[in-house]
Amino acid sequence: MTDKPFYQTEKGLWKAKGYYSPKTGELMNLTNAEKMVYMYMLDRVVFFVEELKTLHFESQDTIATSLNLEKKAVGKILRTFLEQGVLDGVKRKPENGGQIQWFYSGVCKNMKYFDEDGKQLKDKKPVVSHQKEKPYIPPLGEDTDCPF
């Protein structure tokens with residue numbers, strides 16, 4: 001889909017042992033699998049939502065296959081990210097019918113990471129209030145060019 005052959009990431013993400021929850025400011029552990037899912041979703045959401053101006057849907061199975069992870073692990077990571085405000089999404093039924101699915105509309109791009117000693121990897125203090133742009137969510141029936 002995107003023309004980039006790789007995922008560009010911050011070095012701080014790979015050094016991090018955890019992150020500050022954008023929703024609560026709480027310290028959350030961060031596994032390598034979570035880092036992979038975060039970068040994958042960042043790439044996909046930016047491409048679909050910001051460039052194509054449509055919501056993004058991708059099955060847990062597709063994400064798991066792409067990252068060589070267990071489907072169950074991907075589901076747990078996505079749920080945690082939604083609960084903590086790392087991902088924004090809405091559940092809705094596709095226009096052509098079918099089961100209710102998660103459509104992703106945003107991803108937190110300014111994550112605050114911390115190291116194994118609990119020290120923040122950036123000099124700034126963590127921001128507890130999560131200021132985010134309003135995601136573009138087309139009303140049902142208005143996104144006629146959407147394949148879902």
Side-chain angles (χ1 to χ4, degrees), residues 1-94 98-138 140 143 146-148:
M1 288 273 159
T2 63
D3 57 349
K4 299 175 195 167
F6 57 90
Y7 299 114
Q8 188 173 6
T9 64
E10 291 181 58
K11 290 179 184 176
L13 174 64
W14 299 111
K15 293 178 185 177
K17 298 294 180 193
Y19 65 96
Y20 294 94
S21 167
K23 192 177 270 184
T24 65
E26 176 185 0
L27 296 175
M28 303 293 296
N29 287 327
L30 189 62
T31 66
N32 284 336
E34 290 170 325
K35 293 173 188 180
M36 291 167 44
V37 171
Y38 172 73
M39 286 312 308
Y40 184 87
M41 293 304 290
L42 179 65
D43 180 69
R44 304 301 281 173
V45 169
V46 166
F47 177 72
F48 283 100
V49 176
E50 293 179 11
E51 292 182 28
L52 298 182
K53 304 289 188 219
T54 184
L55 291 177
H56 169 62
F57 166 77
E58 195 149 355
S59 73
Q60 293 175 13
D61 223 6
T62 304
I63 297 168
T65 301
S66 298
L67 299 175
N68 199 23
L69 296 171
E70 296 282 331
K71 178 182 174 183
K72 200 173 186 179
V74 169
K76 184 178 178 188
I77 291 167
L78 291 173
R79 277 189 301 282
T80 301
F81 283 169
L82 286 162
E83 290 167 2
Q84 295 303 323
V86 174
L87 275 176
D88 293 320
V90 292
K91 270 188 170 182
R92 65 187 241 195
K93 203 169 197 167
Q99 295 184 354
I100 293 176
Q101 302 167 333
W102 276 101
F103 287 85
Y104 302 101
S105 56
V107 64
C108 181
K109 293 182 190 174
N110 58 349
M111 295 267 283
K112 307 290 185 221
Y113 311 115
F114 67 89
D115 64 15
E116 64 274 355
D117 298 325
K119 295 179 191 165
Q120 192 171 346
L121 291 174
K122 297 181 180 183
D123 342 71
K124 301 175 187 170
K125 290 193 173 198
V127 179
V128 177
S129 64
H130 180 55
Q131 293 182 353
K132 56 185 176 184
E133 298 174 19
K134 283 200 164 204
Y136 172 75
I137 302 175
L140 288 174
D143 52 351
C146 181
F148 306 108

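Between Leu69 and Ala33, the shortest heavy-atom distance links the atoms CD2-CB, 4.0 Å. Scanning both residues, Lys23 and Leu82, for their nearest heavy atoms gives NZ-O, 3.9 Å. Closest approach of Val86 and Pro22 over heavy atoms only: CG2-CD, 3.9 Å. Between Ile63 and Val74 the shortest heavy-atom distance is CG2-CG1, 3.7 Å.
Looking at residues two or more places apart in sequence or on another chain, you find no side-chain hydrogen bond (donor to acceptor under 3.5 Å, both in side chains) involving Gln60. Remark: Lys91 engages Ile100, Trp102 in a side-chain contact (heavy atoms from CB on, under 4.5 Å) (not counting sequence neighbours). Shown here are the side-chain contact (heavy atoms from CB on, under 4.5 Å) partners of Thr62, two or more places apart in sequence or in another chain: Tyr40, Glu58, Ser59, Ser66. Contacts of Thr80 classified as side-chain hydrogen bond (donor to acceptor under 3.5 Å, both in side chains), with partners at least two apart in sequence or in another chain: none.
Counting heavy atoms from C-beta outward, Phe81 and Met41 have side chains that stay 4.5 Å or more apart. Residues Leu30 and Lys17 have side chains not in contact (no heavy-atom distance under 4.5 Å, counting atoms from C-beta outward). Annotation: side chain of Leu78 is in contact with side chain of Leu87 (closest heavy-atom distance under 4.5 Å).
Each side-chain hydrogen bond (donor to acceptor under 3.5 Å, both in side chains) pair with one or both residues in residues 25-36, not counting sequence neighbours, appears once here: Thr31-Glu34.
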